[in-house]
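The block underneath contains the structure these notes are about, expressed in structure tokens.
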Amino acid sequence: MTVLDSRPEMPGEPAGSTDALLTEAGVSMAPVADLGAGRGPHWLDEWLDAHSTDVVAWRRHIHANPELARREYGTTELVVKVLRSAGLAPKVLPGGTGVVCDIGNGASCVALRADMDALPLTEATGLPFASTVDGVAHACGHDLHTTVLLAAGMAFAMAPELPGRVRLIFQPAEEVMPGGALEAIEAGVLDGVDRIFGLHCDPRLPVGEVGTRIGALTSAADLIELRLTSPGGHTSRPHLTADLVHALGTVITSLPALLSRRVDPRSGTVLVWGAVHAGKAANAVPQEGLLRGTLRTADHQTWTTLEPLIASCIESLLAPTGVGYDLNYRRGVPPVVSEQESTVLLRAGVEAALGEAALAGTEQSSGGEDFGWYLEQVPGAFARLGVWSGEGAMRDLHQPTFELDERALLTGTRVMVHTALAALA
């Protein structure tokens with residue numbers, strides 16, 4: 001495994017310092033209800049009972065100090081310090097952000113993954129621990145994901161014995177295509193791993209419920225950027241130039257329609273434009289134009305055919321217009337496809353952690369998630385963790401007002417722990 005050693009001790013910082021627990025002197029942190037309390041194992045119950053306020057404090061610190069993709073230095077340092085305080089040996093990934101840490105011994109190894117990066121959004125929740133970084137916010141719940149995995153690791157460190165190894169993967173750069181998972185895999189985080197599991201916040205599910213699904217859970221998501229060029233000219237003489245705006249309009253309206261006749265409609269393939277730019281003057285044919293959009297599909301086989309199909313369709317559409325063009329097609333992430341046996345193990349973990357009533361179904365979404373890259377390499381499964389309080393509006397992901405119920409920190413921790421135990425057993 002190609003990883004870097006964790007950051008050395010800072011001058012004056014004792015080994016195993018617990019400063020990273022972030023529970024400030026004189027500041028009381030109200031405990032959150034543990035919906036799975038008493039369900040065992042005893043070392044998990046004891047650890048959560050003693051440290052639930054620490055878990056909340058970690059999450060609030062990460063939330064208040066969000067970091068964009070590949071800049072998660074502070075979050076990485078926090079994770080390393082906390083894990084080392086339990087006598088563990090975390091390693092920083094080669095890019096300088098992200099952490100991998102093995103716990104336990106044995107040939108069997110189950111990986112648990114959490115993403116760490118924030119979004120380029122301005123938070124509008126009004127929370128007392130809202131983002132302190134202008135234009136950056138944890139509006140997708142990665143602060144919870146990181147905290148849940150950190151708490152699970154700390155609880156595992158207290159276990160008298162584990163039936164194998166648990167590998168914690170704190171992954172940077174999930175929010176950018178094609179995702180930090182590829183760099184983590186290249187660094188060797190899946191070496192020796194038998195199965196991998198992960199979860200994501202779902203504000204449509206109440207806290208205490210966990211959604212699972214055998215098969216595709218998310219969609220592939222690619223980025224299309226098309227630049228057009230023209231000699232330009234006066235709008236009174238479009239026949240003497242190449243009408244760039246008309247060509248843009250042709251692609252905008254005709255490419256999605258053409259795809260609907262070239263791709264199996266059962267694949268859930270959809271092209272949506274998000275940005276178009278061309279010209280300023282009403283009476284001038286512009287010389288340059290730009291079109292950007294996302295292309296998503298729920299079917300893995302269809303995903304493999306889309307890039308050449310898009311290139312062929314665009315060439316056909318623009319050939320009669322006379323404009324020049326440059327297509328930048330960026331493949332994003334594959335669909336997250338939960339393998340059957342791994343999903344059965346995940347569901348067993350959910351039931352052991354929270355009870356049978358916690359099990360919920362979930363639909364395949366058109367969103368992208370780079371966890372799919374791990375599942376291209378090893379079997380595994382992905383869950384949707386309920387974070388809605390059950391009262392008030394459901395604040396959606398990637399919105400400045402996104403909020404979550406902090407009880408999900410403990411339910412998520414229990415699900416991760418029990419899923420790993422079920423897989424190792």
Side-chain angles (χ1 to χ4, degrees), residues 113-115 117-119 121 138-142 144-145 148 171 173-181 196-207 209-224 256 259-260 263-274 293-304 306 330-340 342-343 346-347 350 358-376 380-388 393-404 408 412 415:
R113 172 270 199 177
D115 41 19
D117 55 326
L119 287 164
L121 292 176
H138 271 295
C140 196
H142 295 193
L144 177 141
H145 304 164
V148 160
Q171 179 212 301
E174 187 276 332
E175 294 289 358
V176 295
M177 290 186 184
I196 187 169
F197 299 92
L199 54 76
H200 198 293
C201 293
D202 190 340
R204 297 164 299 177
L205 284 175
V207 66
E209 291 188 12
V210 181
T212 63
R213 173 188 175 93
I214 295 172
L217 192 67
T218 67
S219 297
D222 296 348
L223 178 66
I224 296 175
L259 278 176
S260 72
V263 174
D264 189 332
R266 295 171 296 179
S267 68
T269 303
V270 58
L271 169 61
V272 178
W273 302 113
T294 57
L295 178 59
R296 303 173 187 272
T297 182
D299 181 70
H300 193 284
Q301 180 58 38
T302 299
W303 181 57
T304 64
L306 288 178
R330 293 172 55 191
R331 291 194 84 198
V333 295
V336 171
V337 182
S338 291
E339 183 254 347
Q340 181 172 353
S342 298
T343 305
L346 174 58
R347 288 172 176 169
V350 172
L359 290 167
T362 189
E363 298 178 349
Q364 182 178 8
S365 78
S366 57
E369 160 64 63
D370 76 350
F371 190 80
W373 289 120
Y374 297 109
L375 300 181
E376 299 269 293
F382 202 62
R384 292 196 170 120
L385 179 70
V387 297
W388 180 46
M394 296 179 180
R395 307 291 186 181
D396 204 2
L397 302 169
H398 284 226
Q399 297 297 317
T401 54
F402 171 67
E403 293 185 42
L404 56 84
V415 167

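The closest donor-acceptor contact from the side chain of Asp202 to the backbone of Leu385 lies at 3.5 Å or more, if one exists at all. Judged by distance alone, the side chain of Asp370 and the main-chain N or O of Pro178 form no donor-acceptor pair under 3.5 Å. A donor-acceptor pair is defined here as one N or O able to donate and one able to accept, closer than 3.5 Å; such a pair exists between the side chain of Gln364 and the backbone of Thr218. A donor-acceptor pair under 3.5 Å is absent between the side-chain atoms of Gln399 and the main chain of Thr401, judged by distance alone. No donor-acceptor pair under 3.5 Å is formed between the side chain of His142 and the backbone N or O of Ala118. At distances below 3.5 Å, at least one donor-acceptor pair connects side-chain atoms of Ser338 with backbone N or O atoms of Phe382.
With rounding to the nearest 0.5 angstrom, the NE2 atom of His145 is 6.0 Å from the CG atom of Leu199. Between Leu295 atom CG and Arg330 atom CZ the span is 14.0 Å, to the nearest 0.5 Å. In this structure, CZ in Phe402 is found 5.0 Å from CG in Leu397, a value given to the nearest 0.5 Å. Here the CG-CE distance, from Asp222 to Met177, works out to 6.5 Å after rounding to the nearest 0.5 Å. The CD1 atom of Ile196 lies 7.5 Å from the CZ atom of Arg113; values are rounded to the nearest 0.5 Å. To the nearest 0.5 Å, atom CG of residue Leu359 and atom CZ of residue Arg347 are 7.5 Å apart.
Nearest heavy atom pair, residue Trp373 against residue Pro334, reads CE2-CD, 3.3 Å. Of all heavy-atom pairs spanning Gly141 and Leu404, the tightest one is CA-CD2, 4.4 Å. In this structure, Leu121 and Ala139 approach most closely via the heavy-atom pair CD1-CB, 3.8 Å. Looking at every heavy atom in both residues, Val387 comes nearest to Ala408 through CG1-CB, 3.7 Å. Ala216 and Ala298 make their closest contact through CB-O, 4.1 Å (heavy atoms, listed as atom of the first residue, atom of the second, distance). Smallest separation of non-hydrogen atoms from Ser365 and Ser219: O-OG, 2.7 Å.
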- Message: Pair Glu175, Leu119 - check side-chain contact (heavy atoms from CB on, under 4.5 Å), show working.
- Response: CA-CA 7 Å; Glu175 294 289 358; Leu119 287 164; 3.5 Å; yes

- Message: Checking Val210 against Leu346 for the side-chain contact (heavy atoms from CB on, under 4.5 Å) test, could you report, in this order, the C-alpha distance in whole Å, the side-chain angles of both residues, the deciding distance, and whether it holds?
- Response: CA-CA 10 Å; Val210 181; Leu346 174 58; 5.8 Å; no

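Side-chain N/O atoms of Thr362 and Arg384 include a donor and acceptor closer than 3.5 Å. Between the side chains of Glu376 and His300, a donor-acceptor pair is found at a separation under 3.5 Å.
With sequence neighbours left out, the side-chain hydrogen bond (donor to acceptor under 3.5 Å, both in side chains) criterion links Thr294 to no other residue. A search for side-chain contact (heavy atoms from CB on, under 4.5 Å) contacts involving Glu209 returns Leu205, Pro206, Ala360, not counting sequence neighbours. Partners of His200 according to the side-chain hydrogen bond (donor to acceptor under 3.5 Å, both in side chains) rule, which considers only residues two or more places apart in sequence or in another chain, do not exist here.
Proximity of Leu306 to Thr297: side-chain heavy atoms (C-beta onward) are separated by under 4.5 Å at one or more points. In this structure, Tyr374 and Val336 have side chains that are not in contact, with every pair of non-hydrogen atoms separated by 4.5 Å or more. No side-chain heavy atom of Arg296 sits less than 4.5 Å from a side-chain heavy atom of Val272.
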